[in-house]
Amino acid sequence: MVEHEEPEAPVLIEDRGPVRVVTLNRPATLNASDEGLHTALAEVWPAIDAASEVRAVVLTGAGKAFSAGGDLALLDRMVADPGLRAKVMAEAAAIVRGMTSVRVPIIAAVNGPAVGLGCSLAAMSDLVVIEEQAFLADPHVLLGLTAADGGALVWPLLISLQRAKEYILLGDRIPAAEALNLGLVNRVVPRGESVTTAVELANRLAALPPQAVVESKKLINSGLRQAVASLLSGGLDSESESFDEPAFQKNLARMLSRTGAA
């Protein structure tokens, strides 16, 4: 497996023996997913699966955020460019399928806000460690997009259907303590300690008999994989259609004007 160490790489992969630490690396944008980061996220899971020596993965963000979600400039380009939109949606499917089927456990170290795609990445991880100042939020519907990926697929399997509907449809922030109470995360830790705790958990998993870990994860995730198989394609088609909706375009324009990107 190729390791990316150059500072400008959208995803950094650090080799810690049987553990890989995968870091979203756009700290200046709170790790918002532009085209390069989105492509890298789609490609990293098959690469990890192909590395037989890997036993566990820690997923985190550089800087003060886990991920702020989709890059607004990329979303704006997707409105006008159907080809780019199709490419990003295909990558979104690859990210979801890759994370939910990769053979080794993924531990998310949520070091700051996890919003939109960032929230989905945490939802699709096998264990989640979140820092006390961080929060989860899925604002797809607030923005005017169908909530087709991560949270909409995973949260109804983790928490009550009613609470999943509340947070997906309304898009409210879920503080770390509330996320723990709901069952969306496994541990809440002090600021700055998420990666250390996640690596400790990853090392514990890496020390266990690998066949037992891999096959047990596969069994536990069977319901999730079935949900992905039956719902993901249609959901992403609907999300793609959302880009043509005036409500989404108006909301996106307002957000772009606030950031000065419009």
Side-chain angles (χ1 to χ4, degrees), residues 1-4 6 8-13 20 22-26 29-51 57 59-62 65-104 106 108 114-126 138-141 143-154 221 224-225 227-245 248 252:
M1 183 167 134
V2 177
E3 290 186 19
H4 305 284
E6 63 271 23
E8 66 275 13
V11 170
L12 302 178
I13 305 175
R20 294 290 183 273
V22 176
T23 304
L24 312 182
N25 189 41
R26 299 190 71 222
T29 66
L30 302 180
N31 301 314
S33 180
D34 66 353
E35 192 171 353
L37 178 53
H38 204 259
T39 298
L41 279 169
E43 293 175 347
V44 70
W45 308 112
I48 286 172
D49 242 359
V57 176
L59 177 64
T60 193
F66 184 71
S67 173
D71 183 271
L72 295 179
L74 174 60
L75 298 181
D76 191 41
R77 289 169 56 208
M78 289 169 65
V79 170
D81 187 340
L84 174 62
R85 193 189 310 177
K87 173 181 179 290
V88 172
M89 291 299 166
E91 289 175 349
I95 292 168
V96 172
R97 293 191 177 105
M99 289 192 71
T100 55
S101 65
V102 68
R103 61 184 172 78
V104 299
I106 303 167
V115 179
L117 176 61
C119 187
S120 295
L121 295 175
M124 293 184 291
S125 297
D126 299 294
D138 188 342
H140 276 80
V141 176
L143 186 55
L145 293 171
T146 300
D149 57 10
L153 298 172
V154 180
N221 268 6
L224 176 55
R225 292 197 309 275
V228 168
S230 64
L231 301 174
L232 180 63
S233 180
L236 288 174
D237 286 345
S238 180
E239 183 172 352
S240 181
E241 293 170 1
S242 297
F243 281 80
D244 296 322
E245 291 291 322
F248 167 72
L252 179 61

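Count residues from 1 along the sequence.
Of all heavy-atom pairs between G235 and T146, the closest is O-CG2, 4.1 Å. Closest non-hydrogen pair, A40 versus V11, comes out as CB-CG2, 3.6 Å. Between A92 and H38, the shortest heavy-atom distance links the atoms N-CE1, 3.5 Å. In plain terms, the two heavy atoms of A148 and L236 that are nearest each other are CB-N, 3.6 Å.
Put simply, the side chain of T23 never gets that close to the backbone of A62: no donor and acceptor are under 3.5 Å apart. When atom types are taken as modelled, the side chain of N25 and the backbone of L12 share no donor-acceptor pair closer than 3.5 angstrom. Distance alone, capped at 3.5 Å, is enough to place a donor-acceptor pair between the R85 side chain and the S240 backbone.
For residues 228-238, no pair satisfies salt bridge (Lys or Arg N to Asp or Glu O under 4.0 Å), with sequence neighbours left out.
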Using residues 117-124 as the side-chain source, report each donor-acceptor pair under 3.5 Å to any protein atom, sequence neighbours left out, with the distance given to one decimal.
| unit_1 | atom_1 | unit_2 | atom_2 | d |
| --- | --- | --- | --- | --- |
| S120 | OG | G116 | O | 3.4 |
| S120 | OG | D149 | OD1 | 3.1 |

Expected list for residues 71-79: side-chain donor-acceptor pairs under 3.5 angstrom, two or more places apart:
| unit_1 | atom_1 | unit_2 | atom_2 | d |
| --- | --- | --- | --- | --- |
| D71 | OD1 | A73 | N | 3.0 |
| D71 | OD1 | L74 | N | 3.2 |
| D71 | OD2 | R26 | NH1 | 3.3 |
| R77 | NH1 | E35 | OE1 | 3.4 |
| R77 | NH2 | E35 | OE1 | 3.1 |

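M99 CE to I106 CD1: the interatomic distance, rounded to the nearest 0.5 Å, is 4.0 Å. The line from CG of L231 to OG of S238 is 12.0 Å long, rounded to the nearest 0.5 Å. Within the model, atoms CG of D49 and OG of S101 stand 6.5 Å from one another, a figure rounded to the nearest 0.5 Å. Atoms CZ and NE2, from F248 and H140 in turn, are 9.5 Å apart once rounded to the nearest 0.5 Å. Of the inter-residue distances, the one linking L24 atom CG with L30 atom CG reads 11.5 Å to the nearest 0.5 angstrom. Within the model, atoms OG1 of T100 and CD1 of I95 stand 11.5 Å from one another, a figure rounded to the nearest 0.5 Å.
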List the steps and the verdict of side-chain contact (heavy atoms from CB on, under 4.5 Å) for L145 and F243.
CA-CA 7 Å; L145 293 171; F243 281 80; 3.7 Å; yes
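When side chains are defined from C-beta on, E91 does not count as touching L41, because their heavy atoms never get closer than 4.5 Å. With contacts defined as side-chain heavy-atom distances shorter than 4.5 Å, the pair V44/I13 qualifies.
Between D81 and K87 there is no salt bridge, since none of the side-chain N atoms of the basic residue sits less than 4.0 Å from a carboxylate O of the acidic one.
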